[in-house]
2 protein chains.
Amino acid sequence: MERNEDVSRRLKECGLKGTKHRKAILHFMDCSKIPVSADQVYLQLSAQGISMDLSTVYRTLETMREKGLLIKHSRLNDTRALYEYNRMEHKHYLVCLGCNKMLPVRHCPLEEYEKTLEKETDFMISGHKLAIFGYCAECKENI
Amino acid sequence: MERNEDVSRRLKECGLKGTKHRKAILHFMDCSKIPVSADQVYLQLSAQGISMDLSTVYRTLETMREKGLLIKHSRLNDTRALYEYNRMEHKHYLVCLGCNKMLPVRHCPLEEYEKTLEKETDFMISGHKLAIFGYCAECKENI
DNA sequence: TTAATTGCAAACACTTTGCACGCTA
DNA sequence: TAGCGTGCAAAGTGTTTGCAATTAA
């Protein structure tokens, strides 16, 4: 149960109690390769026999986001918000218009551009959100 | 009333009846320099003495979007959706984290990048959404 | 005339919140 | 045992919808 201890430690570092639910959620988030919704967390954990209220999932994800453990993607595709484990990497996403899946892309083509833009405008730029839309390998066959 | 006739004509071209509400909304959208929410349309027209139900505003904006008259920005900043008159230009926005205002930026730094990405992945790319966040001239003073 | 448009009220999806009880540190 | 965490039910927010009445073409 190395992983379990790792998760407990990270919760403690954030000043959060290591409850069963929190450990389960954080572990699940850590294992997810792509961003997931509160709903998905709830259903998947349910399926694993770990049952909790949906509001607890929402509350926990939000708390973890505040502590910097997770990153929130707010309704990119106008559906529900997605959360992912924060691995401290700046990246962007390919968002599938078919299944809403988000695939990370490492390279960021915007760093230079932001600096130029700040000089040209009155804005104080603090970040950006780039989502590239399209259809993933599976979905593009069913259009 | 040149403008009014222009608006009527554009409605007709889209197969939409030229009702008083529609003309008022389309004219208002045409005059707006930046994207606005259904709520804002509703309030501003109200203030001009043009009263209608909020659901009518939502329905009308959505209809006009379907016809291509407007562009919809779906809850970019996790608040309400914003609509703008479609001037057939590809552009991006500076989104103010203070007041949610969206300022257009003409240049798009992503055209080349998309092609590269399509080659590298299995995605069929259909577009992108780039929002650059920060604080506008007014808001950055009050942080 | 007659099909499109509207107001109204109710439903919707996702998310947040108040409160009493339960459990971790 | 003190206070954080949780389930439950209810509220909130932005948006959509069904239906009957109204209106433009």
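Here the structure is a predicted model, which means the values were calculated and not measured. Letters go in sequence order (proteins before strands), and every chain restarts at 1.
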Can you check whether H21(A) has a side-chain N or O nearer than 4.0 Å to OP1 or OP2 of dG5(D)?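 For dG5(D), neither OP1 nor OP2 has a side-chain N or O of H21(A) closer than 4.0 Å.
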
Interatomic distance, [X] [atom1] vs [N] [atom2] [rounded to whole Å]:
X	N	atom1	atom2	value
Y42(A)	dA13(C)	OH	P	16 Å
M64(B)	dA4(C)	CE	C1'	14 Å
M52(A)	dC4(D)	CE	C1'	16 Å
Q40(A)	dT15(C)	CD	P	11 Å
K67(A)	dC4(D)	NZ	P	11 Å
L11(B)	dT6(C)	CG	C1'	15 Å

Keeping to residues at least two apart or across chains, list the salt bridge (charged side-chain N to carboxylate O under 4.0 Å, His left out) pairs with something in [range].
range	value
residues 32-61 of chain B	D39(B)-R80(B)
residues 122-133 of chain B	none
residues 91-107 of chain A	E84(A)-K91(A), E89(A)-K91(A), K101(A)-E138(A)

Could you pull out all residues at least two apart from [X] that satisfy side chain to side chain contact (heavy atoms under 4.5 Å, CB included)?
X	result
K17(B)	T19(B), R22(B)
Q44(A)	F28(A)
A81(A)	K72(A)

In B/S/- notation (B base, S sugar-phosphate only, - none; protein heavy atoms under 4.0 Å), nucleotides 15-25 of chain D written 5' to 3' is BBBB-----BS

At 10 degrees resolution, what angle do the end axes of the helix from dT1(C)-dA25(D) to dA25(C)-dT1(D) form when each is taken over five base pairs?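 Both end axes considered, the difference amounts to 30°.
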
side-chain hydrogen bond (donor to acceptor under 3.5 Å, both in side chains) partners of E120(B), counting only residues at least two apart: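 For E120(B) there are no side-chain hydrogen bond (donor to acceptor under 3.5 Å, both in side chains) partners, ignoring immediate neighbours.
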
Once the angle between the rings of H107(A) and Y113(B) is folded into 0 to 90°, is it parallel (under 30°), tilted (30 to 60°) or perpendicular (over 60°)?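 Tilted, since the angle between the ring planes falls between 30° and 60°.
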
